[in-house]
Amino acid sequence: MENPSVARVLNEIADLLELKGENIFRVRAYRTGAQVVADSPAPVAGLDVPALLAIDGIGKDLAARIRDIATTGTTGLRDELLQIFPPSILEVMRLQGIGPKTVALLYHTLHVTSLDDLEAAAKAGAIRGIKGMGAKKEALILTAIAERRRHAGRHLIGHACETAETLVAWLREAAPEATYDIVGSLRRGAETSGDIDILATNAPAEVLGHFTRYRQVERVLGLGDTKASILLTSQMQADLRLVPAESRGAALQYFTGSKAHNIALRQRALSRGYTLNEYALADAATGARIAGETEDGIYAALGLPCIDPALREARGEIDAAEAGTLPRLITLADLQGDVHMHTTASDGRHDIETMAIAARDAGRSYICITDHSQSLAMANGLDDARALAHAARIREANAKIDGITILAGIEVDILADGRLDLEESTLAALDFVIASVHSAFDQSAEAMTVRVLTAMACPFVDAIGHPTGRKILRREPHRIDVEALIEAAGLYGIALEINSNYHRLDLSDVHARRARAQGVGLLIDSDAHSTTELGLLRWGVLTARRAWLEPADVWNTRDVDAFRNGLRRHRSPAAAKTGRAR
DNA sequence: GCCGTTTTCGGCCCGACTGTTTTCAGTCG
């Protein structure tokens, strides 16, 4: 079992223990364990008990449980807990605004064990009858359920890709000679996906049966001669299709989508006297094959350069391809810097040096350390004195470590009234400041917009972090006028972040493309809280590609000198107005 | 459940916000 899956089971145990009313520190130990496993660069399945014990946060009990989970998928404690509570109750616990105490109370008083139970109870007005709950709680519950329903069946790209890649590895065990392609919305880099689509070329038919025997299968939905479908315990559906080699390109094109892109492409084929399906591009009159072995061949036969999967959303890509104006999309290798990350000074897991070395090994030539500011007490945010002392330590580390430049910055909180959480003199003393909203999300659009624009007026704010505050499938973006935000960013010469965490991807592809059109600079940042999370840049880059971004649109593709010189604090007022680097 | 020159017990990150209290419990980050 892969690390994210092991971590998921540990978190599930933590949820169930909390529900049971167990010692909160025992619960926390399981959550810490989950975090440590998720952050581990080595697969924990390959570690023995002594190696596990060497990890901070893992003791005798957790080491044994991790061994159990990694090898069997579960552990005794989890099974015992699931005897007490049905697994469906975990869904209730993950509702926004509903915690373990409320779920336990609902379970014991109304025997609520699922979202359906809870919805029925709320609609019947039974919630307000419980001591400590009222009409507002009842309404909040119904809202949370409605939101959840809207997101049902969708999965975050990070989770879906991890599962898809693990599945492909499983298939390779049975048929190593075959070629596997992950297609569908995952290939396009969409932020969520409904299911996993895998194509296998040059694979024996037996691979389909092997697919259905994957350990995490909950139910086999179908098994035929060329296709199998499974439902995984994670509630993701996965489909495997066998494709003949001469049709691989046609199948890639067809199953990558999007539906709208394919419709447009098929129309183009028809207008040229061809038909296009998942097997080939063929002459409509004679049925003779024109192309199908490669995607390039299909697009070429239609008079187009191959269009990158990230662009295939029917957002003007076919016209651009026709006109020869497709963008030269940004890649991970274009990113020289990563300028939003945390260390042990606030809520990160690793220190300055460790993060720097890991970033250097990942190919970055500079980073900026941006720990939290004081108002984020739970994250151990820095006050003015600590921020300045931390900056001094960062500069010492920079002097010591070769091969990478380490800039001293801060992720400063934008307070509810638009003031910043640190003195302007502190912000001025740093190399780079990214300002973010982490509290009072519930403001009106007017209040939130004024709040962020007020913060942007500070001349030492260089960028805005995760500008809309969304958590994909969990929390709607906060109400903010994104157009006004983009306009102000252009006016002040402030960059807007594409936060690469796959829970956020904020700005979204659509907003980032809008920002680019307005000439606003963008950043692609990991917001890493550990060395492992530096790899999150992968998702931010995908989002940027979906936003049609080229390297020049993203400030951290510049070398460190150009990056620094381009910042608002180092520009003349006239240059700042144009929003461009001098 | 983990950790430890405050080590085998007794701590473990905590402030803001909300809805429900009539002085606080639950949730979130």
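Throughout, protein chains are lettered first and strands after them, A, B, ... in sequence-line order, and every chain is numbered starting at 1. The structure presented is a predicted model; accordingly, all values stated were derived computationally and were not measured.
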Please assess A/T343 against A/D371 for the test side-chain hydrogen bond (donor to acceptor under 3.5 Å, both in side chains), listing each intermediate value before the final yes or no.
CA-CA 6 Å; A/T343 69; A/D371 276 298; 2.7 Å; yes

Show the numbers, then the answer: is there a side-chain contact (heavy atoms from CB on, under 4.5 Å) between A/I367 and A/V339?
CA-CA 5 Å; A/I367 59 171; A/V339 294; over 6 Å; no

Does the salt bridge (charged side-chain N to carboxylate O under 4.0 Å, His left out) test come out yes or no for A/K101 and A/E18, once each step is laid out?
CA-CA 8 Å; A/K101 293 283 161 52; A/E18 211 173 359; over 6 Å; no

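One C1' atom belongs to B/dT7, the other to B/dC12, and the distance between them is 15 Å to the nearest Å. Comparing B/dT20 with B/dG10, their P atoms are spaced 40 Å from each other, to the whole Å. Taking atom P in both B/dG11 and B/dA16, one finds a spacing of 25 Å when rounded to whole Å. Nucleotides B/dC2 and B/dT8 have their C1' atoms positioned 13 Å apart, rounded to a whole Å. Comparing the P positions of B/dC17 and B/dC13 gives a spacing of 23 Å, expressed to the nearest Å. With C1' as the reference atom, B/dT23 and B/dG29 are 25 Å apart, rounded to whole Å. Nucleotides B/dT5 and B/dG1 have their C1' atoms positioned 23 Å apart, rounded to a whole Å.
Taking the six-membered ring for Trp and the full ring otherwise, the centers of A/H350 and A/H529 sit at least 6.0 Å from each other. Two rings, from A/H503 and A/H466, have their centers 6.0 Å or more apart.
Rounded to an integer number of Å, the gap from CG of A/D15 to P of B/dT27 is 12 Å. In this structure, the CD1 atom of A/I98 is 19 Å from the P atom of B/dA25, given to the nearest Å. Rounded to a whole Å, the CG atom of A/L105 is 11 Å from the C1' atom of B/dA25. Separating the CG atom of A/D61 from the C1' atom of B/dC3 is a distance of 13 Å, rounded to the nearest angstrom. One atom, CD1 of A/I13, and another, P of B/dC2, lie 12 Å apart when rounded to the nearest Å. At whole-Å resolution of the value, NE2 in A/H503 and P in B/dC28 are 15 Å apart. For the pair A/R94 CZ and B/dT27 C1', the computed distance is 16 Å after rounding to whole Å. Rounded to whole Å, the distance from CD1 on A/I141 to C1' on B/dT27 is 13 Å.
Note on residues 127-144 of chain A: pairs passing salt bridge (Lys or Arg N to Asp or Glu O under 4.0 Å), not counting sequence neighbours, are A/R128-A/E138.
Ionic pairing of A/D117 and A/K123 is not present here: no N-O contact between side-chain nitrogen and carboxylate oxygen is shorter than 4.0 angstrom.
Across all strands shown, the partner of B/dC9 is B/dG4, judged by Watson-Crick or G-U wobble contacts whose two distances both fall under 3.5 Å.
Within the nucleic acid shown, A/L376 has no heavy atom closer than 4.0 Å to any nucleic acid atom.
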Determine, for nucleotides 4-11 of chain B in 5'-to-3' order, which nucleotides have protein heavy atoms under 4.0 Å from the base (write B), from only the sugar-phosphate (write S), or from neither (write -).
--------

Under 4.0 Å protein heavy-atom contacts per nucleotide of nucleotides 12-23 of chain B, with B for base, S for backbone only and - for none:
BBBS---SS---

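Residues A/I130 and A/M133 are in side-chain contact: their nearest non-hydrogen atoms beyond the backbone lie under 4.5 Å apart.
Counting all heavy atoms, side chain and backbone alike, A/D431 lies closest to A/D462 at O-OD2, 4.4 Å.
Picking from B/dG29, B/dG26, B/dG1 the nucleotide with the shortest atom distance to the side chain of A/L62 gives B/dG1.
When each of A/R546, A/R545, A/R514 is paired with A/D509, the salt bridge (Lys or Arg N to Asp or Glu O under 4.0 Å) condition holds for A/R546 and for no other.
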